[in-house]
Amino acid sequence: MLRELLVASYGSELIYLLSLAVLLAGSALGALAGRALGTPRSAQLAGAFIAFAVALPAAVGLSRALRQLLGSTPGAFLPLPQQLAGLALVLLPVGGLGGLLFERAAALHVGGPATPRRRTLASAYAIESLGGVAGGALATLLLSLGVSNLAAALLAALVAQLAASWPARGGRRGGGTAVIVVLAAGLAVTLAYSGPLDRALTARNHPGLVATRDTPYGRVSVTARSGQIVVFVNDALAWESEGVAAEELVHLAALQAPARPRALLLGGAVEGLVAELALHRPRAVQLVEVDAALLAAVMPRLPERTRRAMAAPELRTTVADPRAVLAEPGAGDVDDVDLILVGMPEPDSGQANRVYTREFFADCDRRLSDAGVLALRLRGGENLLTPAAARRTASIHRALRAVFPSVVALPGTTTVLLASRSPLAVDPALLAERLRERGVAPRLVTPPYLRYLFTNDRRTDLERELAASAAPENRDARPICYPYTLVLWLARFAPGLSWVELPGEGALAPLASLLLLGVGLAFARRRERARRTLLAAAAGLVGMVLEGALILGYQVRHGVLFQDLGLLLTAFMAGLAAGSALARRWLGERARRRRGAALVLSLAAVCLLASFLPAGSPTGGLASTLLLLVGAGAGTGALFAYASLSRVADQAGVVAPLYAADLAGGALGALVGTLFLLPLLGLSATALLLAAGTVLLLLLL
């Protein structure tokens with residue numbers, strides 16, 4: 001569902017955060033609603049599974065029709081209130097049914113006050129976490145095998161139908177057996193024809209569709225009309241065959257580099273960077289792409305000029321993480337390059353931000369020759385940059401200046417940044433002469449265009465504004481582009497937000513937050529129910545933020561290869577299952593405060609260890625990250641288990657409130673951690689703040 005809504009929002013990964021919060025909030029509401037149904041019965045569970053089997057595929061279809069149903073202009077974002085309404089419309093039914101299913105199943109599992117202690121909410125939570133491990137592994141496997149998102153949703157619906165039949169075992173057949181059989185048959189038939197259905201649903205938003213495919217990195221759709229080929233990634237325009245966007249980056253950079261350069265291209269093959277670079281007759285080119293499936297889907301439909309350039313003998317294509325190719329000695333086919341072109345997406349996510357940081361630029365510097373040039377681009381403004389856009393550009397410009405002595409910023413609707421160890425040419429006559437000598441005749445980058453670009457007052461104004469900005473440099477451990485991207489995205493719906501100043505560095509705000517947290521927890525001690533609920537919510541919040549910090553710490557070093565991301569998420573879920581199960585046994589029938597304190601301090605210790613993750617490569621590898629994620633999950637699950645066992649006589653009575661509190665804490669952690677703590681404080685400081693905040697939870701024991 002998150003993937004479908006990402007596509008419906010034109011690939012803006014910030015929608016993940018809102019969607020996750022809505023989904024978790026819906027699950028919390030569903031759990032609370034289940035409690036209102038009274039004594040759980042098998043028939044209720046079967047009915048909820050049947051409803052889920054209907055709701056999930058319906059939500060996929062609704063996501064793809066959302067923009068049309070809400071009257072959106074093609075290619076434009078919906079107004080923010082309509083976007084939020086659309087998220088609620090799609091996610092609340094699915095999330096609510098998920099929460100209801102857990103509450104009813106867990107209530108049946110634990111029974112009443114007389115149920116043996118081995119049947120507890122903690123054990124139900126462990127079972128649910130194991131289901132999360134299986135679901136995450138299956139989702140990863142299906143997508144890696146090329147199964148479409150729609151087909152995966154239909155398979156999940158079939159699993160729900162199978163689960164609906166489980167409560168009917170034991171000799172009594174429910175009245176819904178016929179419904180289960182008919183619906184399962186309908187889902188199976190729909191699954192058999194999911195390919196044509198998937199294409200038809202996608203074509204509603206893309207007239208002239210000739211191909212569509214879900215890849216591990218996005219949904220690729222290709223349209224063809226009147227001889228023009230257009231490629232969309234997550235429904236956002238990625239490239240079209242009659243545009244000139246590739247010329248700005250390639251020729252402005254190549255004219256600064258030596259003739260017949262040895263070049264390294266990081267992405268951008270689909271939009272024609274290779275074809276434009278071929279006009280400069282490079283001696284050798286290495287193209288690094290992260291999405292092999294996108295290339296396979298689009299390549300047969302690219303113009304002949306682009307396909308010819310992609311087949312040139314001097315080109316070598318590598319499917320890998322760009323940072324890995326840059327950082328490892330001898331990893332690339334071109335080891336001492338004259339030109340590096342960054343054709344990657346904007347720094348709107350952790351994956352994309354990795355190629356706009358000081359550490360990345362230092363890797364580029366090690367691969368460049370003395371006269372080599374690095375070039376990248378960002379969304380800009382022809383005449384005006386709002387404060388948020390200026391600060392985001394300045395944070396990247398400052399990171400470049402920290403590595404390269406010579407940096408030039410060229411303004412426009414796309415801002416091109418050039419960097420080199422040697423002085424860069426700013427004389428348009430010299431660049432025009434190089435253009436003539438090399439026999440290159442682009443459609444856009446002509447001598448008059450070069451004269452306009454380099455002699456316009458906007459260039460000096462932009463460089464003066466960037467130099468005067470107080471924005472910190474963009475770093476791996478402190479991805480400051482995140483909050484600026486959030487402000488820019490929100491400013492599309494409320495333009496006044498583009499002038500908002502973000503808080504600066506300093507420890508005052510975190511310390512004040514800890515003080516307020518301590519005061520709040522001290523007041524909460526007075527009521528047993530409040531203490532228990534807050535402890536469950538805190539477990540969800542700390543677990544979500546810590547998981548995000550660990551995954552981001554791994555991501556900025558190694559990239560999140562698709563299989564690695566699945567493995568990382570599965571490690572956290574496995575820790576949840578193990579932590580809640582083992583804590584239930586260790587705590588025994590009476591969860592004593594002394595043992596609860598040990599669990600709190602153990603989770604704080606994991607947070608403290610996580611603070612060392614960004615400090616150096618010995619703690620940033622896959623194995624150590626997996627261990628910390630298992631520890632984070634185990635600490636979270638164990639703390640939830642303590643909240644559900646400590647001074648609780650009726651296990652069934654705490655299922656809904658504690659599970660809802662855990663989900664609400666997770667939703668808050670997703671928003672606060674990803675949007676504020678990690679970008680503004682950085683990975684290490686966030687983990688240290690979590691460690692201190694976790695220690696304060698001793699007040700709730």
Can you see which heavy atom on [X] is nearest to which on [Y], and at what distance?
| X | Y | result |
| --- | --- | --- |
| L78 | S72 | CD2-CB, 3.3 Å |
| A153 | L56 | O-CD2, 3.7 Å |
| G34 | L100 | CA-CD1, 3.3 Å |
| A53 | A160 | CB-CB, 4.0 Å |
| L453 | L410 | CD2-CD1, 3.9 Å |
| T570 | A137 | OG1-N, 4.4 Å |

Taking [X] for the side chain and [Y] for the main chain, is one N or O donor matched with an acceptor at less than 3.5 Å?
| X | Y | answer |
| --- | --- | --- |
| R391 | Y484 | no |
| R301 | A297 | yes |
| T306 | L302 | no |
| E242 | I229 | no |
| E271 | E240 | no |
| E289 | A269 | yes |
| S469 | L466 | no |
| S9 | L5 | yes |
| T393 | H397 | no |

Open item on the list: Show every side-chain hydrogen bond (donor to acceptor under 3.5 Å, both in side chains) that has at least one partner inside residues 186-195, sequence neighbours left out.
Closed with: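 For residues 186-195: none.
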Kindly indicate whether the side chain of [X], heavy atoms from C-beta on, has any atom under 4.5 Å from the side chain of [Y].
| X | Y | result |
| --- | --- | --- |
| V319 | V288 | no |
| L191 | L155 | yes |
| I396 | C481 | yes |
| R379 | T415 | no |
| S19 | L91 | yes |
| F77 | Q82 | no |
| L62 | L89 | yes |
| W239 | V298 | no |

Task: Cation-pi check, R104 onto F49 ring (under 6.0 Å, within 45° of axis) - done: no
Between the side chains of [X] and [Y], is a donor N or O closer than 3.5 angstrom to an acceptor N or O?
| X | Y | result |
| --- | --- | --- |
| S148 | D214 | no |
| D291 | T215 | yes |
| R64 | N205 | no |

Task: salt bridge (charged side-chain N to carboxylate O under 4.0 Å, His left out) between E248 and R377, worked out - done: CA-CA 9 Å; E248 290 181 289; R377 63 203 166 170; over 6 Å; no
Open item on the list: Going by salt bridge (charged side-chain N to carboxylate O under 4.0 Å, His left out), name the pairs with one or both residues in residues 132-148, residues two or more places apart or in two chains.
Closed with: none
- [ ] Using the test salt bridge (charged side-chain N to carboxylate O under 4.0 Å, His left out), find all partners of E128 that sit at least two apart in sequence or belong to another chain.
- [x] none
TODO: Could you list the residues that satisfy salt bridge (charged side-chain N to carboxylate O under 4.0 Å, His left out) with E547, not counting sequence neighbours?
DONE: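 In terms of salt bridge (charged side-chain N to carboxylate O under 4.0 Å, His left out), with neighbours along the sequence ignored, E547 is linked to no residue.
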Open item on the list: Y356: which residues meet the ring pair (Phe, Tyr, Trp, His ring centres under 6.0 Å) condition with it, sequence neighbours left out?
Closed with: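 If we apply the ring pair (Phe, Tyr, Trp, His ring centres under 6.0 Å) test to Y356, skipping adjacent residues, there are no hits.
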Open item on the list: Among residues at least two apart in sequence or on other chains, which ones pass ring pair (Phe, Tyr, Trp, His ring centres under 6.0 Å) with F232?
Closed with: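 Scan of F232 (ring pair (Phe, Tyr, Trp, His ring centres under 6.0 Å), adjacent residues dropped) gives H206.
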Task: side chain to side chain contact (heavy atoms under 4.5 Å, CB included) partner of V342, chosen from L249, L376, L265, L417 - done: L376
Open item on the list: Using the rule given for side chain to side chain contact (heavy atoms under 4.5 Å, CB included), can you reason through L541 versus V545, listing the C-alpha separation, both sets of side-chain angles and the distance that settles it, and then say yes or no?
Closed with: CA-CA 6 Å; L541 187 147; V545 177; 4.3 Å; yes
TODO: Kindly indicate, with the supporting measurements, whether the criterion side chain to side chain contact (heavy atoms under 4.5 Å, CB included) is fulfilled by R67 and D235.
DONE: CA-CA 11 Å; R67 295 196 297 261; D235 276 11; 2.8 Å; yes
TODO: Begin with the C-alpha distance, continue with both residues' side-chain angles, and end with the deciding distance and a verdict on side chain to side chain contact (heavy atoms under 4.5 Å, CB included) for V222 and T212.
DONE: CA-CA 6 Å; V222 184; T212 184; over 6 Å; no
Open item on the list: Please determine whether a side-chain nitrogen of the Lys or Arg among R392 and E346 lies less than 4.0 Å from a carboxylate oxygen of the Asp or Glu.
Closed with: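 The answer is yes: the pair qualifies as a salt bridge.
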Open item on the list: For R219, is there an ion pair with D198 - N to carboxylate O distance below 4.0 angstrom?
Closed with: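 No, D198 and R219 are not salt-bridged.
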Open item on the list: salt bridge (charged side-chain N to carboxylate O under 4.0 Å, His left out) for E465 and R458? Distances and angles first, verdict last.
Closed with: CA-CA 10 Å; E465 183 178 3; R458 296 185 183 95; over 6 Å; no
TODO: Go through T357 and N474 one step at a time and tell me if the side chain to side chain donor-acceptor pair (under 3.5 Å) criterion holds.
DONE: CA-CA 5 Å; T357 65; N474 195 36; 5.8 Å; no
